[in-house]
Student: 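I am attaching a structure below and will ask some questions about it afterwards.
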Amino acid sequence: MSLLLAIVIGVLFTVGLYMMMRRSLTKVLIGLMLLGQAINLLIFTAGRLERASPPLIPPGASELTHSADPLPQALILTAIVISFGVTAFALVLARQTYTVLGTNDMNELRDTDIIPRYHPEMPHEEEEGL
Amino acid sequence: MDLLLLPLLISVLFIILTLLAWNRTRWQRILSLAGSAALLLAGVALLAQVSQSGIRSTQIGGWPAPFGITLVADLFSAIMLAITGLVGLLSAVYALDGIDERRVAHGFYPLFFALLMGVCGAFLTGDIFNLYVWFEVMLMASFVLMALGGERAQLEGAIKYVILNLTASALFLSATGILYSVAGTLNMADLSLRLREVSSPEIVTTIAMLYLVAFGIKAAIFPLFFWLPASYHTPPVAVTALFSGLLTKVGVYSLVRVFTLLFLSDVAFTHTILLVLGGLTMVVGVLGAAAQYDMRRLLSFHIVSQIGYLLMGLGLYTQAGLASTIFFMAHGIAAKSALFLVAGIIRRVSGSFDLRRIGGLYRDQPWLALLFLLPALSLAGLPPLSGFFGKLALVRAGLEQEQYLMVAVSLVVSLLTLFSMIKIWMEAFWKPAPAQAPPQRRSEGFKASLVLPALALGLVSILLGVWAQAGYGLADRAAAALIDPALYIAAVLGGGR
Amino acid sequence: MLREWIVAIVMLLGALFMLIASIGLLRMPDLFLRMSATSKAATLGAGLVMAAAALYFSEAGITTRVLVVIVFLLLTVPVAAHMIGRAAYFDGVPLWSGTVVDDLRGHYRTSDHQLVRDPESSPDFAIPDGEEGDDFLN
Amino acid sequence: MTVFLLNVLLAISWAALSGQFDPPHLTFGFLLGYLVLWLTVRGETRAYFTRVPRVISFLGFFLKELLLANLNLAATVLRRDMNLKPGVVALPIDLPNDAAITLLVNVITLTPGTLGLDVSSDRKVIYVHALNVGDPETFRQQMQAGFVRRVKELFA
Amino acid sequence: MGSLILYLAARYLMPLLLLFSVFLLIRGHNEIGGGFVGGLVAAAGFILYAIANSVSAARRVLRAHPRSLIAAGLLTALLSGVAGWLNGKPYMAGAWLNQPLPVVGKMGTPVLFDFGVYLVVIGVTLLIMFTLAED
Amino acid sequence: MNVSVLYTLALGIISLGLILTFIRLVRGPSLPDRVVAIDLAVALAIGIIACYAILFNQPAFLDVAIIIALISFLGTIAFAYYIERRA
Amino acid sequence: MDFFLPTALLLLFLFSGFAPLVQRAQPQRAGLLLALLPAGLFAGFLSMLQPVFSGGVYTFRFAWAQSLGVTFSLYLDGLSLLFILLITGIGALVLVYGGGYLHGHSLLGRFYGFILLFMGAMLGLALSDNALTLFIFWELTSISSFLLIGFDHEKEGSRAAALQALLVTGGGGLAMLAGLVLLGQIGGTYEISQLNQRGDLLRASPLFVPAFLLILAGAVTKSAQYPFHFWLPGAMAAPTPVSAYLHSATMVKAGVYLLARMTPALGGTPEWQTAVTAFGMATFLVGALLAIGQVDLKKLLAYTTVASLGSMVMLLGWGSQLAVKGAMLYLLAHGLYKGSLFLVAGVIDHETGCRDVSKLGGLRREMPRTAVAALLAGVSMAGLPPALGFIAKEVLYESTLAAQPVAGWLTAGALIGNAILAAVSGLVALKPFFGAHGETPRHPHTAPLALDLPPLLLALLGLLAGLLPMMLAAPLVQPAAGAVLAQPVTIKLALWHGLNLMLALSVLTVALGAGLYAAWRPVWRLAARLRWLGRFGPAHAYQAGLDGLRQFAAWLTSRLQNGYLRFYLMTIILTTVALAGLAFFGNTNGYSLRSNWGEVNFYEVVLAALIVLAALIVLRTRSRLATIAIIGIIGYGLALIYLLYGAPDLAMIQFAIETLTVILFVLVVYRLPKFTRLTSSPARLIDFGVALSGGLLMSLLTLAVTARPVVPHISDYFLENALLLGNGRNVVNVILVDFRALDTFGEITVLALAGIGVYALIRLTIGRREIVVPREEQG
Ligand code: NA
Ligand code: NA
């Protein structure tokens, strides 16, 4: 099975990364989400697969001898929730960027990188809170 | 009760308090001072304790290592924590006038404390996945702080900052998953032991490379630094100063941690790569700075360049090298945060960050000139300021290892650093103000809350020079602990419950 | 033993109904027809399989949980169908060419999406809690 | 009154959920239910748990219909040419309350060939999509005779 | 939104969702479930209510501001750890009542911690959804 | 023959249904069609889980089915909502 | 331990801080008052002459950064003393002079401050015994020099000159730092006094030559040796007192000092002799020749200074006893006459507003005192008896004549150089004061005493020292030479040692010089026609280098920091793949990827296949909502996989979160624009290739790790103790809320932050340019 999942992981990574390289910000975020999925599956698979033996101690028993490794599950759980929060924020950030800058084409979001031209008559920038 | 926990508990507590005081901005400001002061105290106390009685560690919930999560502070961590406290407090002071009411009314201070919490957690944890969690706390806080206010530039910068840093987190997480699968543990001390027994070392080296890239992005090394110059100049100066002081440093801290504790199976390979990347980072960073006119952008590139020095010390992988990295880090934080704060004051006095729009400050603002010159010359490594001793330590370490090329590069870069600091000096201070520049507004910039933090950091730079022995001695002891993981391992796996 | 066989049968039955639902989904010519296929079959199919589970474990706790699921399906599936159908209608999703009659055409008032006898009349129903323009999505 | 009954129902369902019908669970369930209701249920709710027997008979009828619905759906879907004469038909109703309307719409959706699309704002007409509308008028009468009547009985 | 049916359905679905969320929370320590999923289900209930009626209505039902829920949740989590100190153990060392309570079963600070999680999740989810919906 | 074969068979049938549903999901054509497909897929998932719970004697899995039943409905509503507003 | 030394330093640095206050308090007398400090120090150090002359040394040690080899150790011997007397003596005079020269200048206070700062730095340089401490003061002199050159900071030219001087000397300084550290590591100490005793040890090391060359780089840049001489004429942008003090009398001699100081450690080797002598000779000639054609008084003096520095370096390079004596003597003589002449030039400039010798003339009537000073200094510079310059020149010739096998060359070079210096001395000392009046911007009149006294004093000293060499010069020069040669020496100095070759050479020099002076106009015109040669000079190289650097930096930065997220991500992905690939395949010996299929159930295959298909569809879809729907399906599929492999909690969360994410997306996306194809097909192909490489890496890693034998993992502890110690049957939950509760704590913090973030982002958008409410108006 892990071979099968390895393929799935590869595909998810590929698609995720590809989407992240798109120009449409929305696609970039979709890529990020896929990447998150891929990683969770990676952790899950790398943590070794155990079919249908959840780490639940059955009534009567006092401990588990044989079960799926609970730790990767806990880690992924944490990761999922974290990435939910992050995704939510990123989405809203994208939305705000679009409403304020009027574009979600990443190629048009280069002003903070490239060195601004200088026109002596250009008015002084008046940003907020310095 | 344990000092190790204090930084985390204090920051959470103040997150909660500032949340509760949501609409009472005055209260929030007061709380911010109290909280960051408390953090500083805790950090200093811990530093004292650690340098007294060696590495301290504690097990959260009393679950024994390696099963529970370990908090551990060696001298390196303790130093970083103390610095964090200092930078935090000074930023809080600067923020009193540096951050406007509306940002405060929209959660600035909860985010501020969350950032500090993340940073402290990262410095304290002895568990690789827990480190990931703290990274995320820090990042999430920085995301919001970066975008808080929603100015056009902020949003644009934040987008790139967020996406590229999330890529790093993704890599970090994947690497951790694989690491667990290979070693079966997350406790770093335990990992250090188990990774030595791993049958096929190439898998460990591969994981090491994943971490190198993941942390490398956070630390803004070449060729992974792009997010930093793209975004650091967009938020208010108080925020940038905080970031420049702490964020990339956490990345470097993590690099140092894993490449002195975990990934030692193939030092010849891994640490050579670190050296090469370090050299490239220095050069590319300083050249980037040379091309800029906006003071904040210029300084942002210097952050990158300085990271190169830190990487070099790590790449040398000797006690002297690590010591110089640690000393340099302390120096760099003080110098660069100071410079950002001064840039903010210059902006308030002269109306712009753009060197082409301002000038004439030398004649009319001698104190501002002095305020700038101290950290600037220190950053350029001029004696007798802290930067010189950092540079000296690095040169010594490099020559001892016969890394002549690296030493040459680092020296040339320090000359270029001087060049670009002088550029600011000549444009903003010496050059007469352009015709269309607005009149200087001294009152705007010269508020105690703005000047004192910058001054304090400048003084730190002087004191680190005057008492270089104390500073470097401490760094040297910290390095000694890093170069010999046995101490760390003993402190964690020996201690516990 | 016998119980297991019963369980198996119920289960298979449920599975088959689900299959039929998906066939219907695939074959039906327009959205509304697809929905009328899925809504029933899905409910019954899922319900039966859950029932099989209840039968298999036959524990009070589990049985109730199964009942909860079934109740939920009964409550939600039609509502979902209604919502989608209504939405699709606004969206202008075409009815199949073979449709004989459409009494709904022209009865939605475009102003506030109220369903009325004659769309020109003024709103005669407003949800108690909702203020004007205070809608989930503004 | 109804609220109380609803509350009791919640209490029982809680006990059932946790699989223990002992006093503490029932009490806790009741308290919890009370809290939940206090939170959520606002305004009037009609009594509809009073006529338990009718409910049961209704359920039986409904289940039968559901089964039939699926069987003839199966028949339709599996035939090569599913001879369909679909349509959306307006069905005038006069039901005492919203609950009844909801129930009706849901039931219609879940039964043979029909799909409850929407209710007019004045609650006087429901619109039904059907797989096979022979002649709209006869279809209306069938519906009226079928579920509409039973639901009305249930809420009479 | 103008759907009478949804509006009516929501009235009966929401209580069930909340009930179930508490159910998940309480038994999470022994069966599957827990603070997260419990919180998410509860939030789902309120979101459904908001869709069927309106955000302001949902806010009224919720009474507390989501932000306060977050703060309360964090505080609960923070304090749940202190118990460890009180009986001389490290921070976050679980403290348990020796007698299992009726219904809830064995009660201890970790469960309290989970409750903190529950609150934070509800608060955050609703804060996000409501803010977005109102904008 | 063993009963569990029948359980597995049931799983197989449902998986088949899943494939068909997926085809509709891809084909669309309209967004509502896709949403309906997802709805059905969720129901199928519930079925799979139930079968699986029986096949491996894991009652705990049924709780997951409950969650799906509870939550997924909300997704559908959201979609419907979006579609109607888009119109 | 002698506390006078550190006290002197401390006082100077302290007063450099107070200077502006003093200026504000006593605007008229500040220069005079401040001059008392260096004057006092001069006296103090002079009192040390006797003991030093008889071989004594003064030392002071103070721990600084021992771990880095930096100790604050001071060491005063003959060599240091000679320098220190020049520094403090001339320094005092310059402060007085400056007060007059910059009278009424708004920044006069800062001027005093910088001068004192420099004085302290220079004093420290001359006193340091620790090589690194010396370097520290070395850099300080560079900085103070920078601040003084740029004193007229509003002039573009001054700023450029200041930067040039800083970069050239600073660059050399850095090389020197490396050299000093190397030397210290070879010699095992950074104390120069000890290094000087370990010369043999040092010379034995293979690192000796590099170390020496690096240090030499520092020396030659500082002392403006060819081809690094060009910054010095540029530095003439500084106010004249600064030129007189830093750029002729003291700072530029720091390189000479360093060479002298380290002669015992570094000297005596063929490398030293060749390199240093060559540098010196070249500089001597180039400096002299470049002086030809200059008409600006200060430029003339600057180039001749370069030449003189060259001659000193040459002498030190040759390193014979005689040569060293000559160097020290020359150092003293030059300090006196050149300082004086610069000050004179300043006076002329100050009074007439003109520095062009071709325009100046006949000033002796208006400014007789100045004329006297000029004449006396000129005599010394021309190397005419009875001035000290004459004796220095004699010794110079004596040592070049003895310099076998290159005696001929050196002497010839020296002859040419000295002749030109003689001619120039005429131009600067005679031409302005005699002959006809030229027309000058301002009508000249007698300069105030503050301006005339200092040059006069210096010139007189030069003359007296020539008349009474054994009384005034020898006591300074002998111990200095002794220190350089690391052995007691005695010198005999006299104006007259009979008719000999040296005298003949002197006569010849003067004759040539006189001739050149007589014919200066045509020669100068000729030189002017050769100006274009300068285009191949190092000054232009420097400028080109600087511009090149700026352009390269701009080019590189615009290439790298280009703003394209796509490029950034690509870089990251490829870096990862490259590094990981290198590590994985680079040093692996045929890694086996034998994977474990295990048994696979068809429904698992279906599930996996559907997920893959869905993912591939995402690549193509054009509809945002369809994409979201499919993403949702992928999430659900994964949830099922988690469930199948025993992670019900995971599945639960995954389902719930996935649904909420879909809702979130729906809420957000309908505000975002539709998808459109923006990237060209080939570009998309490249992207896909890059992405694929990333995907492959991850697949391979997964296979690699799953193929490995299972190691014992810490989870066993959790499985055993979840119930016993954690009181919970759901191990995952116990991990989340107990074993690893801290993770969860961090995680809910992240959630909380996300919530606040969304709230803040939506509610506060300054970007929309709302009305800005200033702080004051808010509660
Ligand atoms: Na930095
Ligand atoms: Na930073």
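Proteins come first, then strands; the chains are lettered A, B, ... in the order of their sequence lines, and each starts at number 1.
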Student: Quick check for you: to the nearest 0.5 Å, what is the distance between G:Phe655 atom CZ and F:Ile67 atom CD1?
Tutor: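 G:Phe655 atom CZ to F:Ile67 atom CD1 measures 10.5 Å (nearest 0.5 Å).
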Student: Nearest 0.5 Å, please: how far is CD1 in F:Ile68 from CG in G:Leu643?
Tutor: 7.5 Å
Student: Which atoms of G:Arg624 are under 4.5 Å from chain F, going by heavy atoms: the side chain, the backbone, both sets, or neither?
Tutor: side chain
Student: Any chance you could measure G:Ile628, atom CD1, to F:Arg34, atom CZ, to the nearest 0.5 Å?
Tutor: 12.0 Å
Student: Checking G:Leu610 against chain F: side chain, backbone, both or neither under 4.5 Å from a heavy atom?
Tutor: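 Both parts, heavy atoms under 4.5 Å.
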Student: Is G:Phe602 in contact with chain F via its backbone, its side chain, both, or neither, using a 4.5 Å heavy-atom distance?
Tutor: side chain
Student: Sort G:Ile617 into side chain, backbone, both or neither according to what part of it lies under 4.5 angstrom from a heavy atom of chain F.
Tutor: side chain
Student: Less than 4.5 Å apart, side chain to side chain, heavy atoms only: is that true for G:Tyr603 and F:Ile48?
Tutor: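 A side-chain contact under 4.5 Å is absent here.
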Student: Which atoms of G:Ala614 come close to chain F, meaning under 4.5 Å heavy atom to heavy atom: side chain ones, backbone ones, both, or neither?
Tutor: both
Student: Quick one: does G:Tyr636's side chain have a donor or acceptor within less than 3.5 Å of a partner on F:Val42's backbone?
Tutor: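 Checked: no pair found.
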Student: Against chain F, label G:Leu640 side chain, backbone, both or neither, depending on which of its atoms sit under 4.5 Å from a heavy atom there.
Tutor: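 The answer is the side chain of G:Leu640.
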Student: Is it the backbone or the side chain of G:Leu607 that comes under 4.5 Å from a heavy atom of chain F, or both, or neither?
Tutor: side chain
